[in-house]
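Below is one structure, written out as structure tokens; the observations come after it.
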Amino acid sequence: KRQLFSDAFSRVDREVRSIFTTMTDGAGSAWLEIDDDGGREDILSSGITFMVQFPSKPARESNSLSGGEKTIAAITFLLALQSLKPAPFYLFDEIDAHLDSVNTERLGRIVRERADRGQIIMVTLKDALVAAADMIYGVYARDGVSQVVRYRIPIAR
Amino acid sequence: KRQLFSDAFSRVDREVRSIFTTMTDGAGSAWLEIDDDGGREDILSSGITFMVQFPSKPARESNSLSGGEKTIAAITFLLALQSLKPAPFYLFDEIDAHLDSVNTERLGRIVRERADRGQIIMVTLKDALVAAADMIYGVYARDGVSQVVRYRIPIAR
Amino acid sequence: VYIKRVEIYGFKSFARRSTVLNLDRGLVCITGPNGSGKSNILDAIAFALGENSVRSLRVDRLQSLIHDNGRGAMDGRSGEEGEGEDGLSAESKGDAGGDSSNSSRKRRAVKVSITFDNSDRGIPVDSNTVTIAREMYDNGENQYYLNGKHVNKSTITNLLDVVLATPSKLNIVQQGMVMRIAELNPEERRRIIEEII
Amino acid sequence: VYIKRVEIYGFKSFARRSTVLNLDRGLVCITGPNGSGKSNILDAIAFALGENSVRSLRVDRLQSLIHDNGRGAMDGRSGEEGEGEDGLSAESKGDAGGDSSNSSRKRRAVKVSITFDNSDRGIPVDSNTVTIAREMYDNGENQYYLNGKHVNKSTITNLLDVVLATPSKLNIVQQGMVMRIAELNPEERRRIIEEII
Ligand SMILES: Nc1ncnc2c1ncn2[C@@H]1O[C@H](COP(=O)(O)OP(=O)(O)OP(=O)(O)O)[C@@H](O)[C@H]1O
Ligand SMILES: Nc1ncnc2c1ncn2[C@@H]1O[C@H](COP(=O)(O)OP(=O)(O)OP(=O)(O)O)[C@@H](O)[C@H]1O
Ligand SMILES: [Mg+2]
Ligand SMILES: [Mg+2]
């Protein structure tokens, strides 16, 4: 059981590092730490701290990041869990709302890459992200009733 | 006491109607209702329902609107409270995050108008809203330390 | 496994006729003005997968999921007349047409069905596609269907274990909630990894 | 009454030297990249006005408000050396320079001061400007100042009644919280109006 947990932890940690480094082109880093006080506590009961270092900033715990930085950290952790159990699909509802243009672009890149392995359904209002899609559904209301229209992206991407 | 409450209620209700109608160029409407069951219950103990009708949509309670619609409804209610007690300043932190371009423009208009009566300090990432400002502070981090720069808008607006 | 098709009938802002989204693998973006119905599509998927929390479905009670196009006026009739192809499978066609012949007050008010591509047999059912459907009646009763056959909810729940990344449905991130995932405390983060293994 | 000037020293991402924002009536927009310090400016204003809730200040404990520019390394020295004008009033100059002479361990770690334009005498103090300041020491102690004079917190609270629209501080809307105002239930909405009258 201890072995199982520590294997799982290492896999997610490795994935967190790889995803965040990719998103920040190697300028940032992120990792997980087990709070087992240097081995003195039982790893089966210790918590997991998530450390994140954005480019040219000091490393901080994910809880004390800014709103936009938390969004990037959250998606990194979420996608890293794939290494334990692949999710058949993701549903993301305007997760880009608090991102500036640099982080929107980072998000677009990782979502684009990960969608190639499965399926990501993402609601967004930002053209930059819609442009990265394989398929687009437009939704509009007519007299309070929702209608949907599908757009195929020309494959010539 | 009953008179005081009912006067206050009418003032906020009138202001809610006027703000929302202005924001939607007369195409929408919003109002407050006292849940006193047609006068059978004591108005001092009944709740207040907030009804909102966006252009060409049916009227709905504010709790069952969409994310962007809730933002517009919330700001309407907040600014309407001015009629009871003017707030010397407002601090808004990215309240426009879930707004589409039509509602961002509506928000810009009402915030611009209300700021003429007092002071609104608004954090935003959207150029369309920054363009409506009287004064802009740019914030940036250098090695994890925040710095601020002030821009004066050319008065020729 | 991925979502191939979503069919929505009478759920929130979707009228009482069939609205179909045909999806594919890869990145699908849903976009449109505020209040057009984007989040309602994601709510519809969660609903079909058994979601019962009114907070997650963003309503005060489950009856508020029933399409209602005017304050209090259930415009049942106008939504059902002919617009859009009524893609509901034959088993429910009888329902839509037969309101008057159905003696009990039960009328189907909402139906959402999801078809998964199962060519990799990720879902332990031996068919290339797996369709999960949920109907809710205006008396609040629910019925679940698996590939057209009426099943009870626990049959669906076992299947969902495969479909949802974690029991706490972390692969569904609702509007306004993404920052919360970075605000988990160390115990919560550990519990999430434990849930999966 | 409006906010004319905000001075921040050692608060979160602001270094231990004085950072000043000179403001005006009308619409002031604060913009900049993610993580630059925008929300920290609003937190600093709330802090000076007496906010003690760690949740509102977005920290796990109040000590985390102290500027810390590397994991655990309190780079006290580098922040204080000369950069930027140190606009702190004389009464605290002694503090900054005199760490070694101050026998108790108490060192000023954070200071935020807000100057209000009071020409309309909205705040019941007979002066054209009113400055409220709050200092926090690295031992966690707080001190409040009103126009340079040391006062206790309850003096500030009475003044704040004028400055904050409602006791629940509705005129301060934090990042990600705006939709909540539309989700109030009927009783909460009524209570807000009652609080004001
Ligand atoms: N039972 C119902 N019947 C009809 N309309 C409903 C019902 N429940 C909710 N609605 C309406 O559905 C509309 C769309 O809501 P939804 O949350 O999906 O919008 P959205 O596209 O996500 O918008 P946003 O970009 O603002 O988040 C809202 O205007 C809401 O009032
Ligand atoms: N005590 C502290 N010392 C130094 N830096 C801190 C401290 N507390 C928080 N920070 C850092 O301050 C930075 C800015 O945070 P803030 O929330 O103000 O950003 P923001 O400009 O609002 O960004 P966003 O647009 O993402 O919301 C963050 O990177 C955060 O990690
Ligand atoms: Mg939405
Ligand atoms: Mg912020």
Side-chain angles (χ1 to χ4, degrees), chain A residues 4-5 8-9 12 32 35 46-50 62-63 65 67 70-71 73-75 77-78 81-82 84-95 97-98 111-112 115-116 118-125 129-130 132-141 143-148 150, chain C residues 1-3 12-15 19-42 45-46 67 69-70 79 116 122 162-166 170-190 192-194 196-197:
Chain A
L4 195 66
F5 182 79
F9 172 80
V12 181
L32 299 179
D35 308 338
S46 2
I48 295 175
T49 298
F50 181 19
S62 73
N63 308 45
L65 297 170
K70 277 180 180 166
T71 298
I75 296 303
F77 181 69
L78 203 60
L81 294 174
Q82 282 277 63
L84 289 186
K85 182 184 166 200
F89 64 86
Y90 284 95
L91 304 183
F92 291 148
D93 196 346
E94 299 193 28
I95 59 174
H98 290 277
V111 161
R112 175 64 268 149
D116 290 340
Q119 183 184 49
I120 294 180
I121 300 173
M122 185 161 80
V123 173
T124 177
L125 302 180
L129 292 176
V130 172
D134 297 308
M135 178 191 293
I136 304 170
Y137 263 96
V139 188
Y140 62 96
D143 298 328
V145 175
S146 293
Q147 323 269 345
V148 295
R150 195 174 79 178
Chain C
V1 176
Y2 65 92
I3 299 176
K12 287 194 168 185
S13 55
F14 289 88
T19 303
V20 173
L21 287 88
N22 288 308
L23 304 175
D24 214 340
R25 297 171 66 86
L27 179 58
V28 179
C29 276
I30 299 177
T31 194
N34 286 149
S36 53
K38 304 181 297 293
S39 298
N40 288 346
I41 293 172
L42 301 193
I45 295 172
H67 178 65
N69 204 10
F116 292 99
V162 172
V163 169
L164 297 171
T166 68
L170 266 193
N171 51 331
I172 299 178
V173 181
Q174 290 196 286
Q175 194 167 351
M177 292 301 180
V178 64
M179 289 190 260
R180 302 278 171 93
I181 299 173
E183 293 168 355
L184 295 171
N185 65 39
E187 283 61 44
E188 288 167 333
R189 212 169 274 126
R190 142 195 203 86
I192 283 172
I193 291 184
E194 275 177 343
I196 299 177
I197 53 186

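Numbered from 1 within each chain, the chains take letters A, B, ... in sequence-line order.
- Put simply, the side chain of A/Y90 never gets that close to the backbone of C/L170: no donor and acceptor are under 3.5 Å apart.
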Next on the checklist: Is there a side-chain contact (heavy atoms from CB on, under 4.5 Å) between C/I41 and A/I121? Walk through the geometry before answering.
Outcome noted: CA-CA 10 Å; C/I41 293 172; A/I121 300 173; over 6 Å; no

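- Contacts of A/L65 with chain C are absent, with no heavy-atom separation under 4.5 Å from either backbone or side chain.
- Between the CD1 atom of C/I30 and the CG atom of A/L91 there is a distance of 8.0 Å, given to the nearest 0.5 Å.
- Residue contact with chain C, scored on non-hydrogen atoms closer than 4.5 Å, involves the side chain of A/L78 exclusively.
- Using a distance-only test at 3.5 Å, with no hydrogens or angles considered, a donor-acceptor pair links the side chain of A/Q119 to the main chain of C/D24.
- Summarising the geometry of C/C29 relative to A/V130, their closest heavy-atom pair is SG-CA, 3.9 Å, with the distance given to 0.1 Å.
- Annotation for C/R189 and A/I48: closest pair NH1-O, 2.9 Å, computed over non-hydrogen atoms.
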Next on the checklist: side-chain contact (heavy atoms from CB on, under 4.5 Å), that's the test. Do A/L81 and C/I193 meet it? Break it down for me.
Outcome noted: CA-CA 8 Å; A/L81 294 174; C/I193 291 184; 4.3 Å; yes

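- No donor-acceptor pair under 3.5 Å is formed between the side chain of A/S146 and the backbone N or O of C/F14.
- The contact between C/L23 and chain A is made by backbone and side chain atoms together, counting heavy-atom distances below 4.5 Å.
- A search for salt bridge (charged side-chain N to carboxylate O under 4.0 Å, His left out) contacts involving C/E194 returns C/R190, not counting sequence neighbours.
- Using a 4.5 Å heavy-atom threshold, the side chains of C/L21 and A/R150 count as separate.
- Only the side chain of A/V12 comes within contact range of chain C, with heavy atoms under 4.5 Å apart.
- Contacts between C/N34 and chain A at a heavy-atom distance below 4.5 Å involve the side chain alone, from C-beta outward.
- Although no hydrogens or angles enter the test, the distance criterion places no donor-acceptor pair under 3.5 Å between the side chain of A/D93 and the main chain of C/M177.
- For residues 172-183 of chain C, every residue pair satisfying the salt bridge (charged side-chain N to carboxylate O under 4.0 Å, His left out) rule, not counting sequence neighbours, is listed here: A/K70-C/E183.
- Of the inter-residue distances, the one linking A/F92 atom CZ with C/L42 atom CG reads 11.0 Å to the nearest 0.5 angstrom.
- Heavy-atom minimum distance, A/V145 versus C/A15: CG1-CB, 3.6 Å.
- Across every non-hydrogen atom of C/I181 and A/A74, the tightest pair is CB-CB, 3.7 Å.
- When every heavy atom of A/F77 is checked against every heavy atom of C/L184, the shortest pair comes out as CE2-CD1, 4.4 Å.
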